[in-house]
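Throughout, a chain's letter reflects where its sequence line sits, starting with A, and its residues are numbered from 1.
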Protein chains: 2
Amino acid sequence: MSEAAIQTYTRADEAFDCLQTAIVKGDLVPGEKIGEVELCSRFNLTRGPLREALGRLESRGLLVRRPHAGVKVVSVSAEELLELYRIRETMEGLAARQAAERMTDEEIADLQATLDSHEQMIEQAQGQAYYQAEGDYDFHHRIATGSRNTKLAQMLLGDLYYMVRMYRYRLSTSSGRPHMALGEHRRIAEAIAQRDGELAEFLMKRHINAARRNIEKKIREGVLTI
Amino acid sequence: MSEAAIQTYTRADEAFDCLQTAIVKGDLVPGEKIGEVELCSRFNLTRGPLREALGRLESRGLLVRRPHAGVKVVSVSAEELLELYRIRETMEGLAARQAAERMTDEEIADLQATLDSHEQMIEQAQGQAYYQAEGDYDFHHRIATGSRNTKLAQMLLGDLYYMVRMYRYRLSTSSGRPHMALGEHRRIAEAIAQRDGELAEFLMKRHINAARRNIEKKIREGVLTI
DNA sequence: AGGAGAGGGATTGTCAACAATCTATAGACC
DNA sequence: GGTCTATAGATTGTTGACAATCCCTCTCCT
């Protein structure tokens with residue numbers, strides 16, 4: 001009940017969600033030209049709402065449109081992925097600092113409970129995939145909203161995370177360091193619980209920096225090809 | 001010839017530009033509900049392209065739409081403006097650092113030439129208004145693109161600056177510290193010219209921090225009311 | 001008199017046809 | 001044979017009409 005639920009779910013919203021997940025999951029291949037009518041038949045939509053959704057997605061940088069020449073999913077280079085992590089580093093550092101100053105005690109308790117459930121998931125099966133695919137975003141998601149910085153949360157949740165997830169799906173599914181990441185998450189949560197914004201920022205930046213270098217290494221080793 | 005010019009300027013693009021400038025300049029009052037047909041007659045458009053533009057603007061956070069209930073320009077609080085400056089501080093700090101590493105010598109020369117012309121403008125008439133309204137953004141614009149970080153530039157130029165400009169127009173026109181700002185710009189440009197990324201980042205963060213505190217002070221003094 | 005519910009009006013969401021533009025193919029010219 | 005041009009086809013952009021939803025007012029009941 002934190003936010004009023006969507007009152008009416010318009011076709012344009014539906015189109016937006018469908019396309020976004022299709023792009024993120026890789027069902028729509030980057031670079032390939034895509035026709036509007038094809039998309040319509042694929043998602044059972046008509047062109048009006050579809051075009052509105054296309055406009056939104058273009059504005060978010062997930063696809064590019066050339067007038068009269070069609071739309072294609074944005075094609076991305078390894079360097080751009082690493083640049084994304086550089087942006088995350090600074091922005092999420094800020095988010096962590098503000099979260100430490102502003103999250104309620106209840107939110108912090110929830111955050112730590114989330115980490116407990118993540119730990120169980122990792123210990124049980126090798127739930128690395130789930131942890132990295134959803135759990136990781138869950139953690140960062142909570143901190144972004146906890147920053148109480150509307151625009152910051154909007155940019156992280158609405159833009160960056162989708163981009164990162166898109167790349168993640170293309171790469172080998174998980175970053176392959178769940179235990180280490182969990183430990184880093186724990187320390188960040190601890191700093192937030194102690195209301196130490198400076199430390200939370202430092203730890204978050206280091207956390208994302210480590211993730212970036214991990215990806216960088218894999219790319220150099222040829223494990224990841226984009 | 002750095003970038004291919006827009007091939008065909010669609011009505012949706014026109015609608016987007018019109019609405020964006022109208023919002024930024026304050027012709028469209030925040031909070032006030034606005035009808036689609038009214039907007040159409042106002043900008044000589046039809047509802048199709050208009051709706052596409054509305055979707056883009058909503059995605060950028062410049063207006064909010066409730067299904068079947070109309071659209072209104074996002075209304076903003078003083079705190080949110082200050083939060084915006086906090087985001088700018090981190091993001092433009094990163095931009096400055098990367099610009100120091102990646103700008104071409106020619107771009108750096110242009111940047112410094114830009115500052116020369118700014119100085120002349122300030123010295124001649126009290127061209128504060130122009131300097132703050134356009135010159136300031138010119139400087140930051142160049143650094144954002146000079147970072148060679150596509151997404152970073154996109155977020156700064158496409159999202160944050162429009163928001164900041166919107167607030168700026170509502171407030172008293174200029175921040176009232178053109179000379180000081182120019183000096184800070186000079187030092188940042190110097191750091192970039194010396195390829196000292198760390199220093200450029202530090203100076204940029206301090207520059208924006210000073211601007212934020214200046215606004216904060218004015219708000220406390222009651223000079224600015226939002 | 002105040003509040004709740006229903007109905008009308010207005011506004012938004014959706015659709016399908018029309019017009020404008022680009023791309024690809026085929027032909028002609030150098 | 002290669003390249004440039006023109007035409008045809010397909011695709012996108014735009015338009016106006018139709019359907020669904022919300023808001024406001026008016027009435028009725030407590």
Side-chain angles (χ1 to χ4, degrees), chain A residues 1 3-20 22-23 27-75, chain B residues 1 3-20 22-23 27-75:
Chain A
M1 221 161 289
E3 194 74 37
I6 278 185
Q7 304 205 341
T8 47
Y9 189 66
T10 71
R11 309 282 290 205
D13 293 328
E14 189 186 333
F16 182 75
D17 289 345
C18 287
L19 284 172
Q20 192 168 49
I23 291 172
D27 296 340
L28 261 45
V29 184
E32 184 188 355
K33 186 202 155 199
I34 268 173
E36 290 186 1
V37 287
E38 187 191 329
L39 288 176
C40 288
S41 61
R42 194 154 158 181
F43 297 110
N44 264 55
L45 294 162
T46 167
R47 283 185 57 216
L50 181 92
R51 284 180 63 79
E52 210 180 307
L54 289 178
R56 287 196 233 176
L57 289 165
E58 183 192 21
S59 182
R60 293 203 180 179
L62 280 160
L63 48 83
V64 290
R65 263 168 122 185
R66 243 180 40 204
H68 296 282
V71 358
K72 61 180 185 180
V73 177
V74 71
S75 61
Chain B
M1 221 161 286
E3 194 73 39
I6 278 186
Q7 301 204 346
T8 45
Y9 189 66
T10 70
R11 309 281 288 196
D13 293 328
E14 189 185 335
F16 182 76
D17 289 345
C18 287
L19 284 171
Q20 191 168 49
I23 291 172
D27 296 340
L28 261 42
V29 185
E32 186 188 355
K33 186 202 153 199
I34 268 174
E36 290 186 1
V37 288
E38 187 191 329
L39 289 175
C40 288
S41 62
R42 193 156 159 181
F43 297 111
N44 266 55
L45 294 162
T46 68
R47 283 185 58 217
L50 181 91
R51 285 179 60 80
E52 210 180 305
L54 290 178
R56 286 196 233 177
L57 290 165
E58 183 192 21
S59 183
R60 294 201 178 180
L62 279 160
L63 48 82
V64 289
R65 262 168 120 183
R66 243 180 39 204
H68 296 282
V71 355
K72 61 179 186 182
V73 178
V74 71
S75 62

Between [N] ([atom2]) and [X] ([atom1]): distance, integer Å:
{"X": "A:His68", "N": "C:dT23", "atom1": "NE2", "atom2": "C1'", "value": "13 Å"}
{"X": "A:Lys72", "N": "D:dT12", "atom1": "NZ", "atom2": "P", "value": "14 Å"}
{"X": "B:Glu38", "N": "C:dT11", "atom1": "CD", "atom2": "P", "value": "9 Å"}
{"X": "A:Arg56", "N": "C:dG13", "atom1": "CZ", "atom2": "C1'", "value": "12 Å"}
{"X": "B:Asp13", "N": "D:dT12", "atom1": "CG", "atom2": "C1'", "value": "13 Å"}
{"X": "A:Phe16", "N": "C:dG13", "atom1": "CZ", "atom2": "P", "value": "16 Å"}
{"X": "B:Arg66", "N": "C:dT11", "atom1": "CZ", "atom2": "P", "value": "16 Å"}
{"X": "B:Lys33", "N": "C:dA10", "atom1": "NZ", "atom2": "P", "value": "12 Å"}

Under 4.0 angstrom, heavy atoms only, what part of the nucleic acid is [X] near: base, sugar-phosphate, or nothing?
{"X": "A:Leu54", "answer": "nothing"}
{"X": "A:Gly48", "answer": "nothing"}
{"X": "B:Leu45", "answer": "nothing"}

| query | What closest approach, in Å, do A:Arg47 and A:Cys40 show between heavy atoms, and which atom pair accounts for it? | reply |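 So the minimum-distance heavy-atom pair works out to CG-SG, 3.5 Å.
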
| Between CG on residue A:Asp13 and SG on residue A:Cys18, distance to nearest 0.5 Å | 11.0 Å

| For the atom pair CZ (B:Arg66) and NZ (B:Lys33), what is the distance rounded to the nearest 0.5 Å? | 9.5 Å

| query | In this structure, which one of B:Leu28, B:Leu57, B:Leu54, B:Leu19 forms a side chain to side chain contact (heavy atoms under 4.5 Å, CB included) with B:Val71? | reply | B:Leu54

| field | Among B:Glu58, B:Arg56, B:Arg60, side chain to side chain contact (heavy atoms under 4.5 Å, CB included) partner for A:Arg56 | value | B:Glu58

| query | Which of these nucleotides, C:dT23, C:dG13, D:dT14, is closest to any side-chain atom of B:Ala12? | reply |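 The answer is D:dT14, which lies nearest to the side chain.
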
| Side chain of A:Arg65 - closest among D:dT14, C:dT14, D:dG13 | D:dG13

| Counting only side-chain N and O atoms of B:Thr10, is one of them less than 4.0 Å from OP1 or OP2 of D:dG13? |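 Answer is no, no contact under 4.0 Å.
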
| query | Is the phosphate of D:dG13, meaning OP1 or OP2, less than 4.0 Å from a side-chain N or O of A:Arg51? | reply |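 Looking at the OP1 and OP2 atoms of D:dG13, one of them is under 4.0 Å from a side-chain N or O of A:Arg51.
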
| field | Along DNA chain D (nearest heavy atom to each residue), the more 5'-positioned of B:Arg47 and B:Glu52 | value |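 Closest to the 5' end, via its nearest nucleotide, is B:Glu52.
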
